[in-house]
Amino acid sequence: MCGIVGYIGFKKASEVLLKGLSYLEYRGYDSSGVALMTKGKIEIFKAPGKLNNLREVLLKEQNICNKSTSGIGHIRWATHGLPTELNAHPHTCNCGSLVVVHNGIIENYKELKNELEKYGCEFKSQTDTEVAAHLIAHEFSKCKDLMAATTNAVKKIQGAYAFCVMHKTMPDKIIVARKNAPLIIGVGEGENFIASDIPAIIEYTKKAIYLNDNQVAEIKKDSIRITDLEGNLLENKVEFLPFEPVALSKMGYKHYMLKEIHEQSDVARNVLQGKLTNSKSEIVLEDVKLTPKELKNIKRIQIIACGTSLHAGLVGKYILEKFAKIPTDVEASSEYIYRDTISDENTLTIGISQSGETADTITAIKQVREKGSHVLIITNRPDSTMARLADSLLPVNAGIEVSVAATKSYMAQLLSLYLLTLYLVQITNPESVKDKEIVSLKQEMLELPNKIEAVTNNTKAIKETAKKYSSFKDFIFIARGINFPTALEGALKLKEISYINATGYSAGELKHGPIAMLDETMPVLAILNKGCVYDKVMSNCEEAKARQAKLIGVTNFIDRKSKDLFDDILTIPDISDTLSPALNIVVLQLLAYYIAEYLGKDVDQPRNLAKSVTVE
Ligand code: M6R
């Protein structure tokens with residue numbers, strides 16, 4: 001969470017910082033601030049709320065902005081203290097000579113604060129970051145060297161951090177340090193950049209250095225010096241950034257989320273391109289580095305992920321067990337990392353993450369690597385920390401996803417898991433590739449993009465249903481089998497962008513407790529595809545109806561019985577149960593979108609959320 005930008009060079013720093021922060025809004029958006037270096041002074045400007053508020057503050061300070069060619073900026077997602085102007089970064093020491101912006105959490109901030117108060121440090125905010133400002137200033141007072149002071153300070157800090165530090169007596173440099181939070185240094189000509197993520201600087205340079213954990217760097221406009229925490233000089237490994245400047249256009253859609261939902265047919269085509277050409281062809285996954293022998297030795301798969309990526313993993317379990325016949329466990333990273341887990345060289349660990357920066361998943365990946373498991377990462381960001389930790393990488397190619405609610409990245413994750421499953425089958429059991437079910441799954445995958453389009457091009461019924469149900473305060477989503485994760489994901493979409501209480505249940509579990517909540521105020525949305533569990537879900541719907549719940553059906557099959565039972569039916573094109581999660585979810589994304597839009601919510605940047613969750 002939180003985004004950091006820094007600049008030192010010859011451009012107007014305020015403009016580079018503001019633009020950079022606008023590309024990092026996905027990391028948090030509850031307040032923002034910049035510190036601008038001017039002759040012998042550091043000027044700080046902050047604003048609570050969206051970045052536009054800071055933009056307006058800076059518009060009134062053009063005199064200062066015109067003079068400053070170096071500075072640091074921050075966009076916040078509050079961890080310690082309310083999202084107020086006081087708690088917004090940058091933070092300073094007592095005299096305001098030193099400023100710090102920070103991404104991460106300082107776990108021992110209370111102990112450090114108590115210690116620093118003994119030296120007369122006065123704390124104004126409720127943040128953990130302010131401790132870093134005082135601590136680095138305290139170290140600086142001893143050695144008068146900003147890089148050494150930062151190094152000494154971070155050695156005392158426990159937790160995760162990416163810092164940018166400036167001191168008014170050293171206007172020619174910015175110091176940065178990192179541990180368990182991303183930070184890149186953009187390399188320019190007569191200017192250098194700092195950012196939490198590539199989009200913030202890609203307009204200016206395609207060359208960058210990825211700072212690693214426990215490294216500190218001194219950045220001047222024409223030099224970069226990196227050391228470890230012992231002060232040993234390290235090589236500047238400059239890499240080429242494989243990114244085009246991102247055109248952050250909504251392409252005429254009201255929100256990025258709607259645009260991204262509509263992009264899913266093309267995303268599906270992109271994911272399949274070059275990997276699956278026809279129903280009889282082999283799956284090509286060049287980046288999976290396991291040899292056929294190693295693949296045959298896999299005895300167990302564990303999938304680790306969070307949020308929407310976790311739901312993709314749950315679908316993955318069904319298909320991996322059904323087709324590849326490998327026992328598969330799926331677990332939320334945040335739970336996985338606090339258990340005595342078992343994995344070895346015969347366990348394949350699949351980490352799924354849109355951003356590749358989710359702190360819990362990164363920690364889990366590091367743990368399993370130590371135990372010898374092969375780590376395969378499925379991510380939308382091949383440049384991310386997770387991708388860099390991977391033994392094998394499956395980039396999902398969904399394109400930059402701006403809206404906080406994940407949609408097209410989920411589609412890309414799902415299809416990548418189907419491809420991976422079919423690839424495993426091809427290696428471990430080549431004969432079964434000719435099986436009717438596998439050939440027909442491949443054929444359906446190739447037809448999927450057109451079916452997604454059929455849903456996104458025909459939203460009338462979804463819009464009407466959204467309007468009809470937008471005043472309800474609670475929803476239950478039910479499904480069985482491979483669509484149970486669809487129920488979880490549909491409910492997550494609805495709650496995160498509309499703030500309506502929505503819970504996904506396995507339909508069979510309804511009668512074991514949740515049914516107690518049902519009455520006419522609690523609509524039940526059932527996902528039911530014609531397949532082995534259809535009749536069972538229908539029975540569960542009958543049970544709900546008997547408790548007067550309003551019923552919405554999302555299905556590929558309508559008959560007299562379903563017409564009588566459901567209050568509203570949203571249909572999808574015909575599709576097998578096996579691939580139906582990839583189509584049903586599009587209906588649920590659109591339903592959540594139109595309900596939130598109807599309620600006038602901030603769809604792309606819902607309250608309290610951030611797209612990239614970089615704290616545990
Ligand atoms: O970047 P990741 O896929 O690792 O992120 C995981 C979750 O934070 C993410 O899926 C979150 O649940 C989204 N807001 C869902 O829309």
Side-chain angles (χ1 to χ4, degrees), residues 1-3 24-29 77 181-182 196-197 199 255-258 260-261 264 303-316 330-337 349-365 375 377-390 393-396 398-414 416-417 485-486 488-499 502 504 585-586 588-593 596 601-616:
M1 334 297 253
C2 302
L24 298 181
E25 269 191 296
Y26 73 89
R27 303 179 71 87
Y29 36 79
W77 184 85
S196 302
D197 196 3
H255 294 102
Y256 286 111
M257 182 178 176
L258 190 60
E260 287 159 5
I261 292 172
Q264 290 181 108
I303 300 180
I304 311 171
C306 300
T308 290
S309 300
L310 178 68
H311 299 154
L314 287 168
V315 176
V330 187
E331 191 165 353
S333 321
S334 52
E335 288 301 319
Y336 185 89
I337 55 184
T349 303
I350 303 177
I352 310 178
S353 174
Q354 187 285 130
S355 63
E357 299 294 348
T358 301
D360 289 317
T361 310
I362 291 176
T363 306
I365 297 306
V375 173
I377 297 292
I378 298 180
T379 181
N380 198 26
R381 295 296 301 269
D383 55 311
S384 61
T385 304
M386 254 180 248
R388 299 165 90 79
L389 284 171
L393 187 65
L394 212 51
V396 301
I400 291 277
E401 190 176 64
V402 177
S403 181
V404 165
T407 54
K408 63 176 181 171
S409 61
Y410 181 68
M411 178 64 68
Q413 290 168 347
L414 284 185
S416 299
L417 284 160
T486 313
L488 298 178
E489 175 59 10
L492 177 67
K493 286 287 89 79
L494 182 60
K495 65 187 142 201
E496 70 179 335
I497 61 169
S498 71
Y499 321 143
I585 193 58
V586 183
L588 301 187
Q589 293 165 347
L590 284 164
L591 185 68
Y593 172 80
K601 302 294 183 204
D602 190 348
V603 172
D604 285 330
Q605 296 185 334
R607 70 183 183 201
N608 304 340
L609 293 177
K611 185 144 189 79
S612 186
V613 184
T614 57
V615 291
E616 278 179 17

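Counting starts at 1 for both ligands and their atoms, following the listed order. Since the structure is predicted, the reported quantities are computational estimates derived from the model, not experimental observations. Because only heavy atoms are used, hydrogens play no part in the values below, and waters and symmetry mates are left out as well, while side chains stay in.
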Between [X] and ligand 1, is there a nitrogen or oxygen pair with a distance under 3.5 Å?
X    : answer
Q354 : yes
Q413 : no
T361 : no
G356 : no

Give me the residue, atom name and distance of the protein heavy atom closest to [atom].
atom                    : answer
atom 15 (C) of ligand 1 : T308 OG1, 3.0 Å
atom 7 (C) of ligand 1  : C306 O, 3.8 Å
atom 5 (O) of ligand 1  : T358 OG1, 3.4 Å
atom 14 (N) of ligand 1 : E496 OE1, 2.9 Å
atom 8 (O) of ligand 1  : V613 CG2, 3.8 Å
atom 1 (O) of ligand 1  : S355 OG, 2.6 Å

Do [X] and [Y] get their side chains close enough for a donor-acceptor pair, meaning under 3.5 Å?
X    : Y    : answer
S403 : D604 : yes
Q589 : E489 : no
D197 : Y26  : yes
S384 : E357 : no
Q264 : T407 : no
T308 : K493 : yes

Applying ring pair (Phe, Tyr, Trp, His ring centres under 6.0 Å), name anything that partners Y593, two or more places apart in sequence or on another chain.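 Applying ring pair (Phe, Tyr, Trp, His ring centres under 6.0 Å) to Y593 gives H255.
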Please walk me through it: do E401 and S409 pass side-chain hydrogen bond (donor to acceptor under 3.5 Å, both in side chains)? CA-CA 7 Å; E401 190 176 64; S409 61; 2.9 Å; yes
Go through ligand 1 atom by atom and flag the ones less than 4.0 Å from a non-hydrogen atom of K493.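 The atoms of ligand 1 under 4.0 Å from a heavy atom of K493 are 15 (C), 16 (O).
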